[in-house]
Peer 1: 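One structure is given below, represented as structure tokens, and several questions about it will come after.
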Number of protein chains: 2
Amino acid sequence: MARRPLKKPGIVADLDARKATILEAVVREHIDTAQPVGSSSVASTSDLAISSATVRSEMVTLEREGYLAQPHTSAGRIPTDKGYRYFVDHLQAGVVGVAQQQQIKDFFENVRGEVEDVLAQTSTLLSQLTSYTSVVVGAGHAMSPILSTQLVNLEARHQLLVTVFADGSVVKHSVTTNFDASHVEVAEASRQLHALLIGTTLDARVQVPSRSDHVASLVRDAVATLHAQQPTVDGEQVFIGGSSKVAESFDGVETVRKVLAILEQELLVVSLVQDILDQGLSVAIGSEHGYEPLSSCAVIVAPVTIDGHPAGAVGLLGPTRMKYGEAMAAARAVSAHLAHHFGGDERA
Amino acid sequence: MARRPLKKPGIVADLDARKATILEAVVREHIDTAQPVGSSSVASTSDLAISSATVRSEMVTLEREGYLAQPHTSAGRIPTDKGYRYFVDHLQAGVVGVAQQQQIKDFFENVRGEVEDVLAQTSTLLSQLTSYTSVVVGAGHAMSPILSTQLVNLEARHQLLVTVFADGSVVKHSVTTNFDASHVEVAEASRQLHALLIGTTLDARVQVPSRSDHVASLVRDAVATLHAQQPTVDGEQVFIGGSSKVAESFDGVETVRKVLAILEQELLVVSLVQDILDQGLSVAIGSEHGYEPLSSCAVIVAPVTIDGHPAGAVGLLGPTRMKYGEAMAAARAVSAHLAHHFGGDERA
DNA sequence: GTTGGCACTCGGTAGAATTGAGTGCTAGCA
DNA sequence: TGCTAGCACTCAATTCTACCGAGTGCCAAC
């Protein structure tokens with residue numbers, strides 16, 4: 001079994017080979033059956049030539065050390081979060097089946113449309129591939145320079161500022177004035193704004209005119225509105241696919257409800273994904289991510305990197321007993337294809 | 001009880017007063033308790049001075065006529081879709097509680113931001129008010145005239161057409177060319193497009209230049225891309241709020257899954273809402289809407305009308321045993337506030 | 001250290017008995 | 001004729017029991 005060096009958490013010490021094998025057998029079978037796993041089953045399944053009694057005594061140790069738990073006396077063991085963590089950290093990389101590989105390939109060959117549409121469809125794809133709920137996060141454009149702006153007169157006191165960023169995203173902002181702006185004034189303000197903002201990023205300071213006429217006022221208002229948005233969260237796009245899979249993954253209705261309630265809050269989902277990435281993890285199991293309602297979930301995250309720059313992330317949300325190998329492989333594959341799709345001659 | 005004239009379906013004949021009262025009592029109690037309702041309970045609850053035996057014999061008739069059903073012998077009755085239909089058609093209009101009224105008022109007084117944000121938040125509001133899943137549909141802009149367009153050069157062979165409609169919506173389309181367009185050419189094409197498209201609607205024919213130079217080619221491609229979208233479905237925006245309520249409303253996990261799976265398909269949700277509106281209904285119960293996976297659901301729809309023009313709709317999706325009175329009142333109230341919010345001096 | 005053996009635990013299941021809510025029917029009454 | 005009280009009947013749900021068996025923990029022997 002290919003070992004990868006331990007990740008950050010470090011709480012998880014190494015186990016001797018036999019314990020590791022037993023733990024792995026328990027995790028594998030429990031992921032498969034969703035049932036507690038007994039010692040005899042492990043003894044016969046694993047390739048260790050060992051009696052069930054020996055397995056049992058090892059299990060006692062594993063339980064004492066926090067890798068396994070017993071739902072009740074006289075039941076088999078189930079893995080704890082720590083047990084899953086060890087399993088994942090020592091898992092050899094999974095592979096994507098050929099059928100799925102084909103499906104991904106076909107998808108990215110045929111997909112067309114705007115970035116948002118592609119991301120949304122990618123989310124659906126990833127969910128179908130894995131039968132878990134999928135999250136695709138498109139990075140915000142806070143750092144992307146402005147290519148063009150335009151101020152459009154909707155009504156006398158109501159203008160619309162349309163901004164195009166170099167990453168291809170388009171954002172609109174309403175600008176309301178307390179005076180009736182003429183079409184000429186709006187056109188002039190639009191011209192000035194364009195000259196003023198082009199090439200700048202949202203965090204840049206811009207020299208706005210200080211005059212008190214209508215045009216200057218329009219320009220000031222427009223710039224203020226544009227810069228008012230939260231640079232970090234705002235502009236980030238979330239696409240959630242396969243939320244119905246939640247109902248398949250968990251049996252308790254209450255759990256389903258809680259998870260769905262979390263998924264409804266997009267900002268929260270973004271920060272969840274971001275938190276996990278910040279911790280340098282690719283999987284957060286159970287309570288590792290600190291979101292209590294998701295304590296029976298595992299979250300897999302794969303960053304999307306284009307030209308060395310973070311451009312978003314794809315994620316999967318499933319029960320802690322999810323198929324980590326397959327799911328991680330699928331997430332990585334989709335993330336790579338996504339990067340390639342937008343990397344070649346496009347933007348993300 | 002205030003009677004409203006029967007709606008379109010017409011299959012539902014009138015019942016004599018006593019039967020109607022009994023049916024109503026059954027529906028009310030079953031909505032409340034989710035349990036089959038027995039004759040004695042009806043006899044004591046309703047203000048009819050009638051013995052349970054009489055109620056029973058009436059129930060036999062109601063069952064024969066299809067308003068009630070029996071889960072099994074020796075159980076009480078539950079309403080059928082037809083029973084709910086009668087109930088809804090003869091329901092006096094519900095009222096919105098003062099607390100809720102205040103909540104709606106506060107919401108619309110404080111809400112700000114772009115149309116999309118308002119609609120999304122409205123959906124959440126409506127869901128919170130009713131504890132059902134809410135759907136807000138913003139009408140497409142197919143019929144809205146174009147206020148402004150702009151072609152922006154993203155990369156040599158990749159332009160972005162940004163279109164602003166009079167309703168305040170902004171749409172972007174990628175235009176890909178097989179030649180390297182210069183900035184000057186793009187600017188010229190942008191100018192021509194603006195002149196060409198301004199004031200037109202998407203269903204209008206536009207005289208495109210037939211020359212074979214880069215600029216003309218750009219203009220042709222851009223117009224084609226813009227007009228390629230499906231005028232009916234595309235551009236319509238759906239905002240679903242409170243999908244976690246689905247898990248509360250139905251007990252079978254399988255039902256929850258099916259309903260969520262439907263909600264994932266936004267186009268389908270739009271046509272569901274549209275279908276119901278087209279039928280002139282405000283409620284579709286059980287199988288009335290023809291979407292089999294939603295046969296245990298009822299859907300309430302209230303159109304949003306601004307200046308006499310349809311501008312979208314708000315909807316609620318719950319179990320057939322939902323609180324029709326409250327829910328319909330809430331949907332109507334929110335719809336009215338929405339119309340007012342965008343009607344006064346804005347657009348929808 | 002490993003293993004076979006054994007007593008023990010305890011959730012799950014199956015069956016029987018019981019309960020009780022609710023029905024349908026009928027005979028009698030206004 | 002319509003209503004009702006009464007009654008036998010039905011059947012899901014509940015409770016109780018017994019029991020099974022998967023699985024454990026422990027121990028003595030190898």
Peer 1: Measure up the Y84(A) and Y324(A) rings against each other and bin them: parallel (under 30°), tilted (30 to 60°), perpendicular (over 60°).
Peer 2: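 Tilted, since the angle between the ring planes falls between 30° and 60°.
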Peer 1: Which one, dG23(D), dT3(C), dA12(D), comes nearest to the side chain of S40(A)?
Peer 2: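 Among dG23(D), dT3(C), dA12(D), the one nearest the side chain of S40(A) is dG23(D).
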Peer 1: For atom NZ of K323(A), decide whether the heavy atoms of other residues, nucleotides or ligands shown that lie under 6.0 angstrom number more than 12.
Peer 2: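 Not more than 12 within 6.0 Å, no.
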Peer 1: Which residue in the set L68(B), V55(B), T80(B) passes side chain to side chain contact (heavy atoms under 4.5 Å, CB included) when paired with L62(B)?
Peer 2: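 So the option named by the test is L68(B).
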Peer 1: Choose from dC25(C), dC3(D), dT2(C) the nucleotide whose nearest atom is closest to any side-chain atom of R18(B).
Peer 2: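 Nearest nucleotide to the side chain: dC3(D).
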Peer 1: Of the nucleotides dG25(D), dT4(D), dG24(C), which one has an atom closest to the side chain of R77(B)?
Peer 2: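 So the side chain of R77(B) is nearest to dG24(C).
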Peer 1: Reckon T73(A) has a side-chain N or O less than 4.0 Å from the OP1 or OP2 of dT24(D)?
Peer 2: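 Looking at the OP1 and OP2 atoms of dT24(D), neither is under 4.0 Å from any side-chain N or O of T73(A).
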Peer 1: In whole Å, I'd like the distance from the CG atom of L68(B) to the C1' atom of dT23(C).
Peer 2: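 Result: 14 Å.
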Peer 1: Can you measure D16(B) atom CG to dC3(D) atom P for me and round it to whole angstrom units?
Peer 2: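 Roughly 10 Å, once rounded to whole Å.
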Peer 1: Both S51(B) and M59(A) contact DNA chain D. Taking the nearest nucleotide for each, which residue is further toward the 5' end?
Peer 2: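 Mapping each residue to its closest nucleotide by heavy atoms, the 5'-most match is S51(B).
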Peer 1: Take the protein atom CD of E29(B) and the nucleotide atom P of dA21(C), then report the distance between them rounded to whole Å.
Peer 2: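 Going from E29(B) (CD) to dA21(C) (P), I get 13 Å.
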Peer 1: Any idea which of dT4(D), dC10(C), dT24(D) is nearest the Q70(A) side chain?
Peer 2: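 When the side chain of Q70(A) is considered, dT24(D) is the closest of dT4(D), dC10(C), dT24(D).
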Peer 1: Using a strict 4.0 Å threshold on nitrogen-to-oxygen distance, state whether R85(A) and D89(A) make a salt bridge.
Peer 2: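 Looking at R85(A) and D89(A), the cut-off is met.
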Peer 1: Quick check on dT2(C): is either OP1 or OP2 less than 4.0 Å from any side-chain nitrogen or oxygen of R56(A)?
Peer 2: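 Answer no for this pair, as no side-chain N or O of R56(A) is under 4.0 Å from OP1 or OP2.
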Peer 1: Quick one: does NZ or CZ of K245(B) land under 6.0 Å from the six-membered ring centre of Y132(B), within 45 degrees of the ring axis?
Peer 2: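 No; the conditions do not both hold, so K245(B) does not lie above the ring face of Y132(B).
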Peer 1: So, does S39(B) get its side chain near the phosphate of dG22(C), meaning an N or O under 4.0 Å from OP1 or OP2?
Peer 2: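 So the side-chain polar atoms of S39(B) never come under 4.0 Å of the phosphate oxygens OP1 or OP2 of dG22(C).
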Peer 1: Would you mind reading off the distance between H72(B) atom NE2 and dG24(C) atom C1', rounded to a whole angstrom?
Peer 2: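 Whole-Å distance recorded here is 15 Å.
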Peer 1: Using atom CD1 of I78(B) as one end and atom P of dA12(D) as the other, report the distance to the nearest whole Å.
Peer 2: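 Whole-Å distance recorded here is 14 Å.
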Peer 1: Tell me whether the OP1 or OP2 atom of dC10(C) has a side-chain N or O from S74(A) closer than 4.0 Å.
Peer 2: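 The answer is no; no side-chain N or O of S74(A) sits under 4.0 Å from OP1 or OP2.
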Peer 1: Side chain of I50(A) only, please: which of dT10(D), dC6(C), dT3(C) is the nearest?
Peer 2: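 Between dT10(D), dC6(C), dT3(C), the one nearest the side chain of I50(A) would be dT3(C).
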Peer 1: Between atom CZ in R64(B) and atom C1' in dG24(C), what is the gap in whole Å?
Peer 2: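 Taking CZ of R64(B) and C1' of dG24(C), I get 12 Å after rounding.
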Peer 1: Can you identify which nucleotide, out of dT4(D), dA12(D), dG25(D), has its nearest atom closest to the V60(A) side chain?
Peer 2: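 Selected nucleotide (nearest to the side chain): dG25(D).
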Peer 1: Between I22(B) (CD1) and dT23(C) (P), how many Å, whole number?
Peer 2: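 Roughly 11 Å, once rounded to whole Å.
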Peer 1: Take the protein atom CD of E58(B) and the nucleotide atom P of dT1(D), then report the distance between them rounded to whole Å.
Peer 2: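 For the pair E58(B) CD and dT1(D) P, the rounded distance is 16 Å.
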